[in-house]
Amino acid sequence: MGIKGIYGEIGAGERIALAKLATDKFVETGRPLRIAVDISIWQFQVQCGKGGSNPALRTLYYRFLRLLSLSIQPLFVFDGAHKPPFKRDRRTRTTTYSLPNFLTKQLLQLFGFPFVVAPGEAEAECALLQREGIVDAVLSEDVDTLMFGCERSMRNWSSESVRGDAATHVSVYDASKIAAGASGLDREGMVLVALMSGGDYIPAGVPGCGIKVACEAARAGFGKSLFSLSKTDAAGFRAWRGNLAHELHSNDSKYFRVKHKSLQLPETFPNQEVLGYYTHPVISSAERVERLKNELHWDREVDIPSLRVFVAEAFEWQYKSGAIKFIRGLAPALLVWKLRTRGAAATVHEGVVSSKTGEERVVRSLCGRRTHFSNDGIPEVRIEHVPIDIVGLNLDTEEQENRPVDAFGVEACPPLEHEVVEDDGVPTTLTTNGKRSIYDPTKPQRVWIGEPYVRVGVPLMFRDWEESLRNKSRSKSESASAKTARKGQKKQRAVNGGMKAGALDPFVKVMKPGMGLDRAGAVSGVAQPPPLLSEPLSPTSSKAKGRVPEKTRQPIQQINHN
DNA sequence: TACACCACCCAAAGT
DNA sequence: TCTTATGGGTGGTGTA
Ligand SMILES: [Mg+2]
């Protein structure tokens, strides 16, 4: 549904990078950000995908990969059977050209993402999941969840740059902030606005009443008083409606900017059925909620072999070339997951978590640190890894592609421009501008990863790395001290990357009684993880014009693997 | 001048 | 038969 013009009242929301929301939550609580995702947010966006087979599903696939890379734990919510009958669903045809439900659920399963089918509407269920603390926030297509009591709602997961590249940011709405803001809209107020000014599918709205007048009525408290009425209190409803009509027509209490003589409240206003839909939506029972709290498994592994088969069939990513596409997308996402969850594999010896947590199996080296504007300046580290080792596929077992040849032995179906081909044994992607980008999954590749995920457990690699940084900055500042002091300070900060000298120790987490490793592999029972930075990060303002230079670019530093 | 309402356009991203 | 059909943004128009 979505109330027309609502963002003119409650504001455009706070534009925040998902990566920042995720790492902030992780640093604060030791577990990943959990969100309920109304699956219908994709229903139209993904249809823009073109080319290849199942482009809509493929777009969904890339969003799932992104969620994995962000270390966000999503819980997907589908619409259920008991959607309110008045809700618009005026399809003239029975066939639907949207995402095939079965394939979507299958894909979710292969990614290890949990999903539920709501009893009624997904939005209402999402709000419940958030209020119950099962998730931290809801991602849906509008802010309607606020009318179901959701406290933190997100929408519009999209790019922030003008060029419109990768989708990084969401618009975040806090119910408490909205209520305290200029609009003063709370849940009850928003429902009143929906009922009065409501769209095509809310029957018996008030004709000629738009969002402005409805908001004035909400600020006057008509939403609150409406919610306090008992369903059976017919006299109460009549009195409520009479009061509202009187104020609209006379403006005696000066609730409104001007009188609204011509507005007529329909006899059936407010529609009981619609009101009940907001006050008592069809949602999961307390028992079902409790079961979810106890049984939900947030960190299921990606089913790599099955997913390989899935993409081969659904996207026609067959053969070695298809496998390379598969690896290229999956490796960075899996790497983050492996780093974050590797704490679970750590051994505890004499109260200290062992440093043998497996990072040496997936990380070749650390080769940089940055705070980049596209992620709202969260600290990231650059990790060199070998994609094929992360994903663990054997390229040689992939079926050999046999392109048809004509009678002269000439390839009848040469590869399309964008296809991955073998070029002297090197997998090469042909792009439309004639360039060739080389991606070899057996060769080391680099990827930026949120620093907190790399620091799970006791990453031994940081010791060598930071030690070398300290040495470097010492010698640099010594040599620079003869020059401008201010410049020298700047230099040191740049080299140090904002890392506090001696900040190493806090990352060696000492196990104490009552602590444990949760399913995410993070040490639980830690009151407050140490700050990762000694100073504020680079601009978080998404409106910052132009590129913010990367704070640091460290030279490649090999880990001592032994 | 503020507001409601309407018609129209757009959405993803290594294909 | 614009295959179907959403929310949101924008710019134009009518009205009190
Ligand atoms: Mg909605």
Side-chain angles (χ1 to χ4, degrees), chain A residues 1-10 12-13 38-66 79 87-99 122-123 140-145 155-159 161 163-168 171 193-194 196-201 205-216 248-249 251 256-263 311 315-317 321-322 324-330 332 415-421 427-433 435-439:
Chain A
M1 36 176 20
I3 302 168
K4 261 200 167 59
I6 190 68
Y7 305 110
E9 303 301 316
I10 66 174
D38 179 351
I39 192 76
S40 65
I41 59 171
W42 319 109
Q43 216 65 44
F44 288 89
Q45 293 182 24
V46 297
Q47 287 182 28
C48 301
K50 296 271 155 27
S53 67
N54 281 309
L57 195 64
R58 190 185 56 226
T59 304
L60 201 65
Y61 172 82
Y62 283 119
R63 298 302 266 230
F64 289 177
L65 281 182
R66 204 169 279 277
D79 275 325
K87 278 241 125 179
R88 173 159 47 189
D89 192 15
R90 340 178 237 212
R91 276 194 302 265
T92 43
R93 298 261 170 81
T94 47
T95 52
T96 169
Y97 290 85
S98 51
L99 279 169
E123 284 177 327
S140 56
E141 57 183 341
D142 49 39
V143 291
D144 286 353
T145 54
R155 70 172 193 101
N156 191 18
W157 179 12
S158 61
S159 166
S161 77
R163 294 181 306 156
D165 17 45
T168 52
S171 303
V193 171
M196 289 181 77
S197 75
D200 324 336
Y201 36 85
V206 182
C209 176
I211 184 136
K212 295 289 178 185
V213 177
C215 281
E216 289 175 318
L248 279 168
H249 297 156
N251 201 18
F256 304 96
R257 193 177 60 84
V258 292
K259 289 182 194 177
H260 295 279
K261 260 325 219 180
S262 57
L263 284 188
V311 300
F315 310 146
E316 291 181 6
W317 289 1
S321 59
I324 289 172
K325 277 187 201 173
F326 177 65
I327 294 167
R328 182 170 58 191
L330 192 56
L416 300 175
E417 280 200 325
H418 60 266
E419 277 188 312
V420 180
V421 295
T428 303
T429 306
L430 303 177
T431 59
T432 43
N433 56 13
K435 283 186 182 171
R436 291 171 167 242
S437 78
I438 295 169
Y439 178 83

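In the text below, chain A, chain B and the rest are named by the order of the sequence lines, each starting its count at 1.
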Return the value, rounded to whole Å, for the distance between atom [atom1] of [X] and atom [atom2] of [N].
{"X": "Ile39(A)", "N": "dT6(C)", "atom1": "CD1", "atom2": "P", "value": "18 Å"}
{"X": "Gln47(A)", "N": "dA13(B)", "atom1": "CD", "atom2": "P", "value": "15 Å"}
{"X": "Ile3(A)", "N": "dG9(C)", "atom1": "CD1", "atom2": "C1'", "value": "17 Å"}
{"X": "Asn54(A)", "N": "dA12(B)", "atom1": "CG", "atom2": "P", "value": "19 Å"}
{"X": "Ile211(A)", "N": "dG9(C)", "atom1": "CD1", "atom2": "C1'", "value": "14 Å"}
{"X": "Leu60(A)", "N": "dA13(B)", "atom1": "CG", "atom2": "P", "value": "10 Å"}
{"X": "Trp157(A)", "N": "dA12(B)", "atom1": "CH2", "atom2": "P", "value": "11 Å"}
{"X": "Phe256(A)", "N": "dC3(B)", "atom1": "CZ", "atom2": "P", "value": "13 Å"}

- Side chains of Trp157(A) and Thr168(A): closer than 4.5 Å at any heavy-atom pair? no
Among [options], which nucleotide sits nearest the side chain of [X]?
{"X": "Arg66(A)", "options": "dG9(C), dG14(B), dG7(C)", "value": "dG14(B)"}
{"X": "Arg58(A)", "options": "dT15(B), dA11(B), dA4(B)", "value": "dT15(B)"}
{"X": "Phe44(A)", "options": "dA13(B), dA11(B), dG7(C)", "value": "dA11(B)"}
{"X": "Asp142(A)", "options": "dA13(B), dA4(B), dG7(C)", "value": "dG7(C)"}
{"X": "Glu141(A)", "options": "dA12(B), dG8(C), dG7(C)", "value": "dG7(C)"}

Euclidean distance for [atom1], [N] against [M] (whole angstrom):
{"N": "dT1(C)", "M": "dC10(B)", "atom1": "C1'", "result": "23 Å"}
{"N": "dT4(C)", "M": "dC6(B)", "atom1": "P", "result": "23 Å"}
{"N": "dA12(B)", "M": "dG8(C)", "atom1": "P", "result": "15 Å"}

- Approximate separation, where rounding is to 0.5 Å, of Leu99(A) CG and Ile39(A) CD1: 7.5 Å
- Between the main-chain N or O of Ser171(A) and the side-chain N or O of Asn156(A), is there a donor-acceptor pair closer than 3.5 Å? no
- Item | Donor-acceptor under 3.5 Å (His249(A) side chain, Ser262(A) main chain) | no
Mind checking if [X] touches a base, just sugar-phosphate, or nothing, with heavy atoms under 4.0 Å?
{"X": "Gly2(A)", "value": "sugar-phosphate"}
{"X": "Arg328(A)", "value": "base"}
{"X": "Val213(A)", "value": "sugar-phosphate"}
{"X": "Tyr62(A)", "value": "sugar-phosphate"}
{"X": "Lys261(A)", "value": "nothing"}

- Message: Return whichever of Arg257(A) or Arg63(A) has its heavy-atom-nearest nucleotide of DNA chain B closer to the 5' end.
- Response: Arg257(A)
- Task: Look at the side-chain N and O atoms of Gln45(A) and state whether any lies under 4.0 Å from the OP1 or OP2 oxygen of dA12(B).
- Result: yes
- Message: Tell me whether the side-chain N/O atoms of Tyr7(A) come closer than 4.0 Å to OP1 or OP2 in dG8(C).
- Response: yes
Protein and nucleotides 10-14 of chain C: nitrogen or oxygen contacts under 3.5 angstrom:
none

- Message: So, using ring pair (Phe, Tyr, Trp, His ring centres under 6.0 Å) as the criterion, who are the partners of Tyr61(A) when residues are at least two apart?
- Response: Phe111(A), Phe315(A), Trp317(A)
- Not counting sequence neighbours, which residues clear salt bridge (Lys or Arg N to Asp or Glu O under 4.0 Å) with Asp79(A)? List them please. Lys83(A)
- Task: Mind checking salt bridge (Lys or Arg N to Asp or Glu O under 4.0 Å) for Glu9(A) and listing every partner two or more places apart, or none if nothing turns up?
- Result: Lys212(A)
- Could I get the full list of side chain to side chain donor-acceptor pair (under 3.5 Å) partners for Ser53(A), not counting sequence neighbours? none
- Item | Qualifying residues under side chain to side chain donor-acceptor pair (under 3.5 Å), relative to Tyr62(A), sequence neighbours excluded | none
